[in-house]
Amino acid sequence: MFAYELQEAHRADLQKRADEWRLAQQARAARAERRAAGRRAVARPAVRTDQEGAESPAPSRRAALRPHRAS
C-alpha cells in the first residue's frame with residue numbers, strides 16, 4: 001500500500017510540474033506575441049481605408065515635363 005501512495009504522490013508532482021511548465025510557456029508566447037505586435041505597429045503604419053489615403057490621380061503630362069521653379 002505504501003508504494004501505491006508514493007507512486008500517486010510522484011504522479012501528482014509530475015502533473016503539477018507539467019501544468020506549471022505549460023502555463024509558463026503560454027505566458028512566454030503571449031509576451032513574445034505582444035512584443036512582435038508592437039514591432040509590427042512601429043515598423044509599418046496602419047493601412048488607410050478612407051478616401052484620404054487613396055492614391056491621387058496621375059499628374060498631367062504637362063506638369064510632369066515642366067521642371068519645378070522656386071519662384
Practice problem: Sequence neighbours left out, what passes salt bridge (Lys or Arg N to Asp or Glu O under 4.0 Å) with Glu8? Give chain and number order. | Solution: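 Testing Glu8 for salt bridge (Lys or Arg N to Asp or Glu O under 4.0 Å), a comparison that skips the adjacent residues, returns Arg11.
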Result block: side-chain N/O donor-acceptor pairs under 3.5 angstrom for residues 18-28, not counting sequence neighbours:
unit_1, atom_1, unit_2, atom_2, d
Asp19, OD1, Gln15, NE2, 3.2
Asp19, OD1, Arg22, NH1, 2.9
Gln25, OE1, Arg28, NH1, 2.1

Could you go through residues 30-37 and list every donor-acceptor pair under 3.5 Å that involves a side-chain atom there, pairing it with any protein atom two or more places apart or in another chain?
unit_1, atom_1, unit_2, atom_2, d
Glu33, OE2, Arg40, NH2, 3.1

Practice problem: Give me the other members of the hydrophobic cluster that Leu6 sits in, counting Ile, Leu, Val, Met, Phe, Trp and Tyr linked by side-chain heavy atoms under 4.5 Å, directly or via other members. | Solution: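 For the cluster that includes Leu6, the remaining residues are Phe2.
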